[in-house]
Amino acid sequence: MNSSLKVRFAPSPTGYFHVGGARTALYNWLVARKAGGKFVLRIEDTDETRNAEEWVEGIISALSWLGIVWDEGPYRQTQRSEFYQKAVDRLIDEGKAYWCDCTREQIDQRAKERGGPPGYDGFCRDKNRSRTDKTALRFKIPRPGVTVVHDKIRGDVVFDHDNLDDFIIVKSNGSPLFVLANVVDDIEMKITYVIRAEEHLPTTPKAILLFHALGAKDLPLFAHLPVLVNAKRQKLSKRRDRVAVEDYREMGYLAPAMVNYLALLGWSPGGDREFLTLQEMIELFDIEDVNHSPAFFDEQKMQHFNGVYIRQLDLDSFVSHCLPFLEKHDWWAGSGKQLQLFRQIAPMVQERVSLLTEAAEMVAFFFRPVEIPSDLVDSVLRKGESAAQILKDLSGIYAHLKRFTHGELNEVTRAYCDTIGMPLRKVQAPIRVALTGSKIGPPLFESIELLGKEVTLFRLAAARELIGTTQP
RNA sequence: GGCCCCAUCGUCUAGAGGCCUAGGACACUACCCUCUCAAGGUAGAGACACGGGUUCGAAUCCCGUUGGGGCUGCCA
């Protein structure tokens, strides 16, 4: 136990909260929980042109949904400007930063003329410019020099200062840039462990230089996680890829399933284990075991995980998890009668779906009139002459049934199959289509029982009429 | 271009020099079960990027090549 350990998750609210961020948050959280330390949520909203309040809310609700709870925060960098101002004053006083009025165009132009690599050349470094509304503050990289990042996942990574430009820490409009705000906050919040995505590795030497320049005595530990990639093996992007946590929630994913799947992207408990409770993850997780290479976010596998988690639910929780998805449909009134019916069919639905949205779709035929897709009318109901005959015969048989139970229905239908010499699986097809409008669904006889005699006979008659009236 | 990171089945991974004839999972194929569809069961196909070292022995260590990715912003 290391109760002084403190990690932070520092997303910027510039778009939907995506699964990569969720995984980073999860790993931070696991590290904190395992060590008995603290997990801080810090909203990095220093770029006012790209932030929106709705994204902040999105981050907060997604984390809450996943069960990743923070011990401190959410802090917002836009409300902490006095800390950054103090740091800036200090850096200027000590000659560790300078004002620069070069435009991007000028910088590029000089680089071109030089014929060297693009980037800032230190043009204003010794010009001693004073501040105007056109100057940005740059950090003076000590030259020559070398900075080593001791990364807990990747080992030591060496950066030569020759490859580090004097980077901007304050914009001309006065707001701090990411690296500065980041470091100032990490110092002030006493962050001891920085766990973030690999894309931040190249800026880490700059951060370390800032820590030193600001007189930080103990630097945090660093660990850089492999990024999550799409099918083309590019870093997951909120613009290009559909990866919003909120979307998956709406598709009917269970939070524990998603967390479990996410935990496995870049980490493994070892051996053949895949399904883990949060508690087990906390016990087994070790940041040093995290993989080094990018991981593809495989929705298919996550969906499989979700199916497993759905099947593990007890009936009550399955039903209550389905409720919000039922409520999205206009055929769902939420009456006690509907609820009772759903509850009866639920066990058979539960073992057939891997998404909660599928559950709602699978039971829709109970609650609204059937619509039989025309391709099914042709391929099933008008297939040969047998379908029409089956519909007619079974309508008659079902009409005379005294006990309209799945057991009875099963029995009489099988008996009918014997008399006409057809297998049940062939006979049930037209019945199912006539009753549900689909070739697939929950077990037929249970469905018929729950539909009730009246509706069943009505739909059977309607189907017969459909074939009859539309057939020449 | 420069700097940095990375490299086991299609995908996620197990693998800490002999336990590897390379294991599991998703996806895929076949079969079984079966009232459809799922679920479940059985079987199958499928990988150590390449080339050099080191070593009695390398998926595992080193170097190089190739390939992929990230960064290179008054974004984070």
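Chain letters run A, B, ... following the sequence lines, proteins first, then strands; residues in each count from 1.
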Taking only the P atom of each, what is the distance from B:C32 to B:A38 in whole angstrom? 16 Å
What is the separation between atom CZ on A:Phe305 and atom P on B:U13, rounded to the nearest whole Å? 12 Å
Where the side chain of A:Val227 is concerned, which of B:C35, B:G69, B:C5 is the nearest nucleotide? B:G69
Could you check whether A:Phe178 gets within reach of a base, just the sugar-phosphate, or nothing at all, counting any heavy atom under 4.0 Å? base
For A:Phe318 and B:A39, what is the distance between atoms CZ and C1' respectively, to the nearest whole Å? 13 Å
Does a nitrogen or oxygen in the side chain of A:Asn291 sit under 4.0 Å from OP1 or OP2 of B:U8? no
Reckon A:Arg50 touches a base, only the sugar-phosphate, or nothing at all at heavy-atom distances under 4.0 Å? base
Can the ring centres of A:His321 and A:Tyr309 be said to be less than 6.0 Å apart? no
Scan A:Arg273 against the nucleic acid and name what it touches under 4.0 Å (heavy atoms): base, sugar-phosphate only, or nothing. nothing
Once you apply a heavy-atom cut-off of 4.0 Å, does A:Pro443 come out as touching a base, just sugar-phosphate, or nothing? base
List the steps, then state whether ring pair (Phe, Tyr, Trp, His ring centres under 6.0 Å) holds for A:Trp267 with A:Phe285. CA-CA 8 Å; A:Trp267 174 74; A:Phe285 189 79; 5.1 Å; yes
With sugar-phosphate meaning primed atoms plus P, OP1 and OP2, does A:Thr46 contact a base, only sugar-phosphate, or nothing at under 4.0 Å between heavy atoms? sugar-phosphate
Give me the distance, rounded to whole Å, that separates B:G67 from B:G51 when you measure between the C1' atoms they each carry. 14 Å
Matching residue for A:Thr204 among A:Val157, A:Val149, A:Val194 - test: side-chain contact (heavy atoms from CB on, under 4.5 Å): A:Val149
Quick check on RNA chain B: between A:Asp101 and A:Met362, whose nearest nucleotide comes earlier from the 5' end? A:Met362
Go ahead and name the base partner of B:U21; Watson-Crick or wobble counts if both distances stay under 3.5 Å, otherwise write none. none
With heavy atoms under 4.0 Å as the rule, sort A:Pro11 into base, sugar-phosphate or nothing. nothing
A side-chain contact here means heavy atoms from C-beta on lying under 4.5 Å apart; do A:Ile141 and A:Asp165 qualify? no
Using the C1' atom as the point on both nucleotides, what is the distance between B:A27 and B:G44, in whole Å? 14 Å
Indicate, with a heavy-atom threshold strictly under 4.0 Å, whether A:Glu44 touches base, sugar-phosphate, or nothing. sugar-phosphate
Does anything in residues 230-241 of chain A reach RNA chain B, meaning a heavy atom under 4.0 Å, and if so which residues? A:Arg233, A:Lys235
In terms of the angle between their ring planes, are A:Phe139 and A:Phe167 parallel, tilted or perpendicular, with boundaries placed at 30° and 60°? tilted
When the aromatic ring centroids of A:Phe17 and A:Trp55 are compared, is their separation below 6.0 Å? no
Closest nucleotide among B:C26, B:G2, B:C4 to the A:Asn163 side chain: B:G2
salt_bridge(A:Arg352, A:Glu358) N-O dist < 4.0 Å: no
For atom C1', what is the distance between B:U8 and B:C50, given to the nearest Å? 15 Å
P gap between B:C9 and B:G15, integer Å: 16 Å
Among B:C5, B:U36, B:C6, which nucleotide has an atom closest to any side-chain atom of A:Pro294? B:C6
Would you kindly give the NE2-to-C1' distance between A:His292 and B:U8, to the nearest whole Å? 15 Å
Pair A:Arg403 + A:Glu449: basic N to acidic O under 4.0 Å: no
How would you label the contact of A:His224 with the nucleic acid (heavy atoms, under 4.0 Å): base, sugar-phosphate, or nothing? nothing
With both distances kept under 3.5 Å, what pairs with B:C71, Watson-Crick or G-U wobble? B:G2
Mind checking A:Leu444 for me? I need base, sugar-phosphate or nothing, with any heavy atom below 4.0 Å counting as a touch. base
Any base atoms under 4.0 Å from A:Glu274, or only sugar-phosphate, or nothing? Heavy atoms, all strands. base
Residue pair A:Lys439/A:Ile153 against RNA chain B: nearer the 5' end by closest nucleotide is A:Ile153
Is the distance from OP1 or OP2 of B:C75 to the nearest side-chain N or O of A:Lys171 less than 4.0 Å? yes
A:Arg154 CZ to B:A7 P, in whole Å, measures 9 Å
Atom C1', compared across B:A47 and B:A25: separation rounded to whole Å: 15 Å
Select base, sugar-phosphate, or nothing to describe what A:Glu446 touches, counting heavy atoms under 4.0 Å on all strands. base
Using atom C1' of each nucleotide, how far apart are B:G24 and B:G46 to the nearest Å? 14 Å
Any-strand Watson-Crick or G-U partner of B:C50, both distances under 3.5 Å: B:G64
At under 4.0 Å, does any side-chain N or O of A:Arg104 touch on OP1 or OP2 of B:C74? yes
Between B:U36, B:A76, B:U11, which nucleotide gets closest to the side-chain atoms of A:Phe296? B:U11
Before we go on, tell me: are the rings of A:Tyr261 and A:Tyr253 under 6.0 Å apart, centre to centre? no
Euclidean distance, atom CG of residue A:Leu264 to atom C1' of B:A14 [Å, nearest integer]: 11 Å
For B:C26, the nucleotide meeting Watson-Crick or G-U wobble distances (both under 3.5 Å) is B:G10
Side-chain donor/acceptor of A:Thr203 to base of B:C71, under 3.5 Å: no
B:U34 - base-pair partner by Watson-Crick or wobble geometry, distances under 3.5 Å: none
What nucleotide, of B:A38, B:U36, B:C6, holds the atom closest to the side chain of A:Ile440? B:U36
Enumerate, atom names and distances included, each donor-acceptor pair closer than 3.5 Å involving a side-chain atom of residues 287-298 of chain A, sequence neighbours excluded.
unit_1, atom_1, unit_2, atom_2, d
A:His292, NE2, A:Ile153, O, 3.0
A:Asp298, OD1, A:Gln300, N, 3.1

Starting at CG of A:Asp47 and ending at P of B:C75, how long is that distance when rounded to a whole Å? 5 Å
Pairing of A:Arg42 and A:Asp186 as salt bridge, 4.0 angstrom limit: yes
Determine the Euclidean distance between corresponding C1' atoms of B:C35 and B:C26; express it in Å to zero decimal places. 29 Å
Identify whether any heavy atom of A:Ala295 sits under 4.0 Å from a base atom; if not, whether one sits that close to sugar-phosphate; answer base, sugar-phosphate or nothing. sugar-phosphate
Nucleotide forming a Watson-Crick or wobble pair with B:G57, both distances under 3.5 Å: none
Within the 6.0 Å centroid threshold, strictly below: A:Phe305 and A:Phe275: yes
With a non-hydrogen cut-off below 4.0 angstrom, is A:Leu265 in contact with a base, only sugar-phosphate, or nothing? sugar-phosphate
Counting any heavy atom closer than 4.0 Å, what does A:Ser268 reach on the DNA or RNA strands: base, sugar-phosphate only, or nothing? sugar-phosphate
Atom-pair distance (NZ on A:Lys301; P on B:C28), nearest Å: 14 Å
Between A:His200 (NE2) and B:C5 (C1'), how many Å, whole number? 14 Å
